[in-house]
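Remember, it's a predicted structure, so these values are computed and weren't measured experimentally. Here is the naming used below: chain letters follow the sequence lines, and residue numbers restart at 1 for every chain.
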Protein chains: 2
Amino acid sequence: MESDWLQRLPAGRQNLYDTGEMICRPGMAHNRIFMLNSGSARICLSAEHRELTLGCLKPGSIYVTHTRAWVESLEPTSITSWPIEQLTLLIVEAPEIAITAMREIGKMLQQATTLIEDLAFRSVESRLARYLLLEESTQQCQTIQLTGQTELLASLLGTSRQTLSTLLNRMIRDGLVARPDRQHLILLDTQRLQQLASVS
Amino acid sequence: MESDWLQRLPAGRQNLYDTGEMICRPGMAHNRIFMLNSGSARICLSAEHRELTLGCLKPGSIYVTHTRAWVESLEPTSITSWPIEQLTLLIVEAPEIAITAMREIGKMLQQATTLIEDLAFRSVESRLARYLLLEESTQQCQTIQLTGQTELLASLLGTSRQTLSTLLNRMIRDGLVARPDRQHLILLDTQRLQQLASVS
DNA sequence: TCCACACTGTCAGCTGGCTGACAGAATCGT
DNA sequence: ACGATTCTGTCAGCCAGCTGACAGTGTGGA
């Protein structure tokens, strides 16, 4: 749906990135809007020795470079980008684009709000439970596929590798979830997970 | 500048609120855009027994009701509101409005990012220092005016009343700031505050 | 097949910040 | 002018989660 209007833009610049390369970093020279064609990337904030992943970009996702966040490719990734001024011009010509774009930004704001709520009010365990339930409903299957390893998930939940590992293994011991193999998790006791997710 | 284009909208609905009244709460029936005419209000998230203030609205500020946040008036306040659909229609007719609106939303996203960074990476003391320095540069004067009392500032920094009080008084004892009276603070040692703000 | 290296689990120790409690200061209504 | 109410400062006790350390488990290359 979004790609629909992006295709009407004049031809953009193509770029390829290797695993781990930075697609953009804060304070980059030019303000561009880009769409991810293939591969995947994570949006993250970072400080001294910590990182927090705000979200992941998949093929079709749109993002802008002028943020205070970094974007790092997680696998070989290709993007198409345009200077932001072209978007402004196009909006004048085809206003319905603006509405779509605003909806996109709104979604991001929504996501940011959720994250703020989580960080401010909820324990790591609760955040983990919420994440699991959310993933279950996003991927239709009840066996959920983890992206990357512990480290990445930890930074997605805003915690340390160790804490996440401990918590996850406790959940397994308590029979809330099972892990058939490294990359997959099965939610066994949705009831109790929901309880964990809502309380504190 | 924003009020400029809002005035071109068809006449909106006027509403008055007393101190402490809720202007909007999450999951409200209709999705409206509003502008604050007079008074002030705070945007906040809340859980069981805690609250986090995301920001304050002043005369001229624009906001929408469909968020997961609450908006509470801090003093007798008047707003004008329009159903969100009217904005959509107007964008089609006068596209430059969209650009302004997107800039507004962008600013909010920026603010949200800062908050996330703060909550995830920084200590309360550091956040307090940042806040003070920011207020100093916003209000031109170096004697800064506090809005509301300790409780409100605490929730703005995402901490408890007690912690904030302790920290602030320690800063006073250490000569970083002075407090001529309840409602005002003078920054004495900007240098050290900057240090606190950047580290940890 | 074996070594190197990256990922994972777990533990002990520490600490920032929360909570509840309470006394002192301001402010307000009548 | 004096109770009542709200706001403020401070303290002791507690705990979630961070850190560093280290052993165990994969996994891949030559």
Where protein sits on nucleotides 12-22 of chain C, one letter per nucleotide: B base, S sugar-phosphate only, - none, heavy atoms under 4.0 Å: -----SSBBB-
Got a donor-acceptor contact below 3.5 angstrom from the S46(A) side chain to the E51(A) backbone? no
Quick one: label T150(B) by what it contacts on the DNA or RNA (base, sugar-phosphate, nothing), any heavy atom closer than 4.0 Å. sugar-phosphate
Please give me every residue in residues 170-186 of chain B whose heavy atoms get under 4.0 Å of an atom in DNA chain D, ordered by residue number. R173(B), R179(B), R182(B)
When the rotation axes relating C1' atoms of four end pairs to the next four are compared across the helix from dT1(C)-dA30(D) to dT30(C)-dA1(D), five pairs an end, they differ to 10° by 40°
Please answer whether the main-chain N or O of Q14(A) pairs with a side-chain N or O of S78(A) as donor and acceptor at a distance below 3.5 Å. no
For E75(A) and S40(A), test the side chains for any donor-to-acceptor distance below 3.5 angstrom and give the result as yes or no. yes
Does either side chain, that of T163(B) or that of S160(B), offer a donor lying less than 3.5 Å from an acceptor on the other one? yes
Measure the shortest side-chain to side-chain distance between E136(B) and L193(B) over non-hydrogen atoms and say whether it is less than 4.5 angstrom. no
Taking CD from E151(A) and P from dT8(C), how many angstroms apart are they, rounded to a whole number? 8 Å
For the residue pair R68(A) / T113(B), report whether a side-chain donor-acceptor contact shorter than 3.5 Å exists. no
For L74(A), is there any backbone N or O sitting under 3.5 Å from a side-chain donor or acceptor partner on T77(A)? no
Take atom CZ in R25(B); do more than 12 heavy atoms of anything else shown fall under 6.0 Å from it? no
Do I23(A) and L57(A) come close enough that some side-chain heavy atom pair is under 4.5 Å? no
Taking CG from L146(B) and P from dT8(D), how many angstroms apart are they, rounded to a whole number? 10 Å
Please report, rounded to the nearest Å, how far the P atom of dT8(C) is from the CG atom of L168(A). 11 Å
Nearest-angstrom distance from the residue atom CG of N169(A) to C1' of dT25(D): 13 Å
Do S81(B) and N15(B) get their side chains close enough for a donor-acceptor pair, meaning under 3.5 Å? no
Look at the side-chain heavy atoms of Ile, Leu, Val, Met, Phe, Trp and Tyr, link any pair under 4.5 Å apart, and say whether F121(A) and L52(A) land in one connected group. yes
